[in-house]
2 protein chains.
Amino acid sequence: MNPIKQHTDKLRISGLRPTKQRLAICKILFDRKETFHFTIDTLKKIVEKSNFQKISTATLYNTVHAFEKKGYLKQISLKGNKTYFDTNTKKHHHFFDEDLSQLTDIKNENICVKNLPQMPSGKKIKEIDITIRIANNNQKQKSN
Amino acid sequence: MNPIKQHTDKLRISGLRPTKQRLAICKILFDRKETFHFTIDTLKKIVEKSNFQKISTATLYNTVHAFEKKGYLKQISLKGNKTYFDTNTKKHHHFFDEDLSQLTDIKNENICVKNLPQMPSGKKIKEIDITIRIANNNQKQKSN
DNA sequence: TTACACTTTAGAATGATTATAAAGTAAGAC
DNA sequence: GTCTTACTTTATAATCATTCTAAAGTGTAA
Ligand SMILES: [Mn+2]
Ligand SMILES: [Mn+2]
Ligand SMILES: [Zn+2]
Ligand SMILES: [Zn+2]
């Protein structure tokens, strides 16, 4: 019931020790109703604003990558310099609001891809990433 | 007819001076039948292998960004640290071969997206990016 | 030929991310 | 509870992609 206990268990089951840094990060990432899309920088700012002690940048990277490896986070395909992570690890897609640089989930069943061309033999589909870039009406529109 | 002349004209029309560096880069990028997907690093290596004089990194970046701004190249949405560019500026999508880190075009009409959910009001679709990640059969498969 | 805006360039600066290696800590054994 | 050890955290340095700077070079129109 207690979320701290839940996180502790989850970490232990994964072979990760439930350190206070990891628990603080779990709380930030997973104790929320909605999907959370973030960069390391976003996360660092949230930690700083919280009353928790400082967490070093190295630990933020280590922890996020450890969680990714265990399947609790996934990386998002986006152009741009920084890496975005996603607490929603189910198959799904995204709106990317170019005005706000903000991601929103699109449920997998709310999009339907048809007519896939054949692919190189011996290769199998691992993942399909769809990003729908949106912006205010009054902006330059892609032609073609 | 002469491709050098074509590139010279194209550059001049765009308000870009046809310098020898730009023409050498045009030749590498645009004198080919197939779409070319590349990073600055790829391009640098090709220039180095060619018999052309060295082109500075700053010029490679400047030129590629100038061509992008003029609409002769576009950037590709991908996760990862480096920026990929594409000589195919038409609307289209990609296979990404995870074994080879290699992109292949999928024609826009060969893929069909249905059932788009409604999006935030006042916002308009600027672009849809679809990446189909493929790899050899014998690899970890995404579940869900 | 001249003048000048546009370009190229080496090198410094920035920003994200990763590596290093020393100090701190969780957890099982006793 | 104490010990032991492997796992973690951390400051800091290192790396890598990209951008900035400002000085030297070049295309072009007059
Ligand atoms: Mn990772
Ligand atoms: Mn650009
Ligand atoms: Zn998401
Ligand atoms: Zn392409």
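Just the heavy atoms: all of them, side chains too, but no hydrogens, waters or symmetry mates, feed the values below. Each chain gets a letter, A, B and so on, in the order the sequences are listed, and its residues count up from 1. All values reported here derive from a predicted model rather than from experimental measurement.
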Could you check how far [atom1] of [X] sits from [atom2] of [N], rounded to whole Å?
{"X": "A:Asn81", "N": "C:dT18", "atom1": "CG", "atom2": "C1'", "result": "17 Å"}
{"X": "B:Gln53", "N": "C:dT9", "atom1": "CD", "atom2": "C1'", "result": "11 Å"}
{"X": "B:Lys69", "N": "D:dT19", "atom1": "NZ", "atom2": "P", "result": "11 Å"}
{"X": "A:Leu78", "N": "C:dA16", "atom1": "CG", "atom2": "P", "result": "15 Å"}

Next item on the list: Name all residues meeting the side chain to side chain contact (heavy atoms under 4.5 Å, CB included) criterion together with A:Thr42; count only those two or more places apart in sequence or in a different chain, and write none if there are none.
Entry: A:Phe36, A:Phe38, A:Thr39, A:Ile46
Margin query: Just to verify, what does B:Ala66 make a side chain to side chain contact (heavy atoms under 4.5 Å, CB included) with, not counting sequence neighbours?
Written below: B:Leu16
So does [X] get a side-chain nitrogen or oxygen closer than 4.0 Å to the phosphate oxygens (OP1/OP2) of [N]?
{"X": "B:Thr83", "N": "D:dT18", "result": "yes"}
{"X": "B:Lys54", "N": "C:dA10", "result": "yes"}
{"X": "A:His65", "N": "C:dT18", "result": "yes"}

Next item on the list: Strictly below 4.0 Å, heavy-atom distances to any atom of DNA chain D: list the hits from residues 55-62 of chain A, or just say none.
Entry: A:Ile55, A:Ser56, A:Ala58, A:Thr59, A:Asn62
Checklist line | DNA chain C contacts made by residues 41-52 of chain B, counting heavy atoms under 4.0 Å | finding: none
Item checked: Strand contacts (DNA chain C) in residues 10-23 of chain A, 4.0 angstrom heavy-atom criterion -> A:Arg12, A:Arg17, A:Pro18
Notebook entry, point to check: Hey, what else clusters with B:Leu103 if you join Ile, Leu, Val, Met, Phe, Trp, Tyr whenever side-chain heavy atoms sit under 4.5 Å?
Noted result: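 Under the 4.5 Å side-chain rule, B:Leu103 groups with B:Ile76, B:Leu78, B:Tyr84, B:Phe96.
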Margin query: Which residues end up grouped with A:Ile13 if you chain together Ile, Leu, Val, Met, Phe, Trp and Tyr wherever their side-chain heavy atoms are less than 4.5 Å apart?
Written below: none
Margin query: Among residues at least two apart in sequence or on other chains, which ones pass salt bridge (charged side-chain N to carboxylate O under 4.0 Å, His left out) with A:Asp97?
Written below: B:Lys123
Note to self: Going by ring pair (Phe, Tyr, Trp, His ring centres under 6.0 Å), name the residues that satisfy it together with A:Phe95, two or more places apart in sequence or in a different chain.
What the structure shows: none
Next item on the list: Could you pull out all residues at least two apart from A:His7 that satisfy ring pair (Phe, Tyr, Trp, His ring centres under 6.0 Å)?
Entry: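 Listed in chain order: nothing, the list is empty.
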Note to self: Using 0.5 Å steps for rounding, measure from the CD1 atom of A:Ile128 to the NZ atom of A:Lys91.
What the structure shows: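 The NZ atom of A:Lys91 is 7.5 Å from CD1 of A:Ile128, to the nearest 0.5 Å.
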Margin query: Suppose the criterion is salt bridge (Lys or Arg N to Asp or Glu O under 4.0 Å): which pairs have a residue in residues 30-44 of chain A, not counting sequence neighbours?
Written below: A:Asp41-A:Lys45, A:Asp41-A:Lys82
Checklist line | Residue pairs fulfilling salt bridge (Lys or Arg N to Asp or Glu O under 4.0 Å) with at least one residue in residues 10-23 of chain B, sequence neighbours excluded | finding: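 Matches after skipping sequence neighbours: none remain.
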Check: Is it true that a side-chain atom of B:Lys90 and a backbone atom of B:Asn108 form a donor plus acceptor pair closer than 3.5 Å?
Finding: no
